[in-house]
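Please read the structure below before turning to the comments.
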Amino acid sequence: MDDDPLRRTAHLARARIRPVHRRPCRRLDELVELCVADEEKAAEVLGLSPGLRGEIAKNAELRTAGARPAGEIYTGVLYDALGLATLDAAAKRRARASLLVFSGLWGAVRVGDRIPSYRCSMGVQLPRAGRLATHWRAPMESALPEAADGGLVLDLRSSAYAAAWKPQGELAGRTATVRVLHARLVDGVEKRSVVSHFNKATKGRIVRDLLLAGARPKDPARLAETLRDLGHTVEVDPPARGDRPWALDVVVTDIH
């Protein structure tokens with residue numbers, strides 16, 4: 001299962017984690033009611049193609065569905081590259097302690113949290129609840145600064161999920177966002193572009209490399225140095241102010 005295999009596999013925030021506030025009950029009830037009552041409307045609200053209509057029936061059974069660790073539920077390009085199941089024991093422990101996945105239904109979950117498989121993106125606007133990114137904003141603002149616990153935050157979310165929480169103040173200054181650029185020569189001139197599939201795959205490999213190395217850089221500048229040591233080409237754009245996130249560009253020439 002994947003929240004959205006095209007847009008929603010990059011919502012990982014790397015931080016030292018304490019319990020994160022989640023209040024899905026009303027959202028879950030409304031999602032179930034929507035999917036039970038009207039399949040056509042549910043497909044429209046959830047933005048599902050005809051090939052994904054089976055997800056509506058799955059959502060309708062959420063109250064009684066079995067649960068598995070979130071790291072087994074979420075799939076897609078980023079998760080394939082991350083390869084949680086193939087990490088060594090120490091790296092798996094680091095993943096459970098340091099990875100957060102943003103969720104339209106649950107707010108934010110650790111990879112070890114047990115959840116049912118579902119389909120509901122952060123960009124969804126439920127008829128009563130409204131846009132989920134707006135719904136989660138206040139709980140995230142309350143919980144995530146504590147979850148970061150004074151450490152670095154590596155923010156790999158897509159724009160739909162970034163709308164649910166924006167780091168502020170000192171926390172923003174120790175947050176790094178990543179853009180993956182594909183560099184290639186065209187008529188002798190280097191051209192750079194963002195390619196969605198490879199953007200996600202590279203982000204997954206970055207997280208995997210950090211987990212396997214046991215790296216714990218304390219700030220965005222040291223993160224860039226660590227990624228270079230791990231073989232990545234990284235360009236840094238430090239913010240003009242200390243209360244703004246850092247922007248890291250990871251440049252790739254071979255895309256696979």
Side-chain angles (χ1 to χ4, degrees), residues 2-4 7-31 45-47 62 67 69-71 73-74 76 78-79 82 95-116 118-126 128-179 200 203 207 219-220 223 239 241-248:
D2 187 341
D3 270 345
D4 181 334
R7 298 185 299 278
R8 286 187 281 146
T9 54
H11 315 131
L12 298 177
R14 191 171 191 273
R16 292 196 297 269
I17 304 303
R18 292 176 182 171
V20 176
H21 179 82
R22 298 189 296 276
R23 52 177 190 182
C25 222
R26 286 177 296 162
R27 303 293 75 79
L28 186 148
D29 287 344
E30 184 174 358
L31 178 62
V45 169
L46 297 175
L62 275 172
I73 294 290
Y74 293 112
L78 185 145
Y79 294 98
L82 171 55
R96 288 192 294 269
S98 67
L99 299 185
L100 275 180
V101 184
F102 273 49
S103 161
L105 184 58
W106 308 105
V109 296
R110 304 173 188 83
V111 295
D113 287 343
R114 297 180 65 84
I115 60 173
Y118 68 99
R119 176 74 59 165
C120 185
S121 82
M122 190 68 81
V124 162
Q125 183 169 336
L126 292 174
R128 294 196 305 272
R131 193 166 299 280
L132 293 176
T134 302
H135 165 75
W136 286 114
R137 201 165 291 154
M140 295 293 192
E141 288 174 355
S142 172
L144 291 186
E146 181 181 4
D149 195 28
L152 168 73
V153 174
L154 174 54
D155 185 353
L156 303 178
R157 297 172 297 160
S158 65
S159 58
Y161 286 77
W165 177 67
K166 181 179 180 181
Q168 302 290 334
E170 179 269 339
L171 176 56
R174 49 188 168 86
T175 297
T177 62
V178 171
R179 179 175 63 165
K200 297 170 185 176
K203 287 178 176 178
V207 176
D219 55 51
L223 170 65
R241 293 168 40 180
D243 59 352
R244 294 289 186 271
W246 288 55
L248 274 59

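The residues of the chain are indexed from 1 along the displayed sequence.
In this structure a side-chain-to-backbone donor-acceptor pair under 3.5 Å is present from Thr175 to Leu171. A donor-acceptor distance shorter than 3.5 angstrom exists from the side chain of Trp136 to the backbone of Gly104, with no hydrogens or angles considered.
Considering every non-hydrogen atom in both Ala176 and Pro220, the closest pair reads CB-CB, 4.0 Å. The heavy-atom pair separating Met122 from Arg131 by the smallest distance is O-CG, 4.4 Å.
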#### Entry: Steps toward side-chain contact (heavy atoms from CB on, under 4.5 Å) verdict (Leu105, Leu62)
CA-CA 11 Å; Leu105 184 58; Leu62 275 172; 4.1 Å; yes
key: Test side-chain contact (heavy atoms from CB on, under 4.5 Å) applied to Leu152 and Asp219, step by step   = CA-CA 5 Å; Leu152 168 73; Asp219 55 51; 5.5 Å; no
### Task
Given side-chain contact (heavy atoms from CB on, under 4.5 Å), test Arg26 with His135 step by step and report yes or no.
CA-CA 11 Å; Arg26 286 177 296 162; His135 165 75; 4.2 Å; yes
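Using a 4.0 Å cut-off between charged side-chain N and carboxylate O, Glu170 and Arg174 make a salt bridge. By the 4.0 Å N-to-carboxylate-O rule, Arg110 lies close enough to Asp113 to be salt-bridged with it.
Two residues are said to be in side-chain contact when any heavy atoms from C-beta on lie closer than 4.5 Å; Ser103 and Tyr161 fail this criterion.
Under a cut-off of 6.0 angstrom, the local environment of CZ in Arg179 is sparse, with at most 12 non-hydrogen atoms contributed by other residues, nucleotides or ligands.
The aromatic rings of Tyr74 and Tyr79 sit parallel to each other, their planes meeting at less than 30°, with 60° as the upper class boundary.
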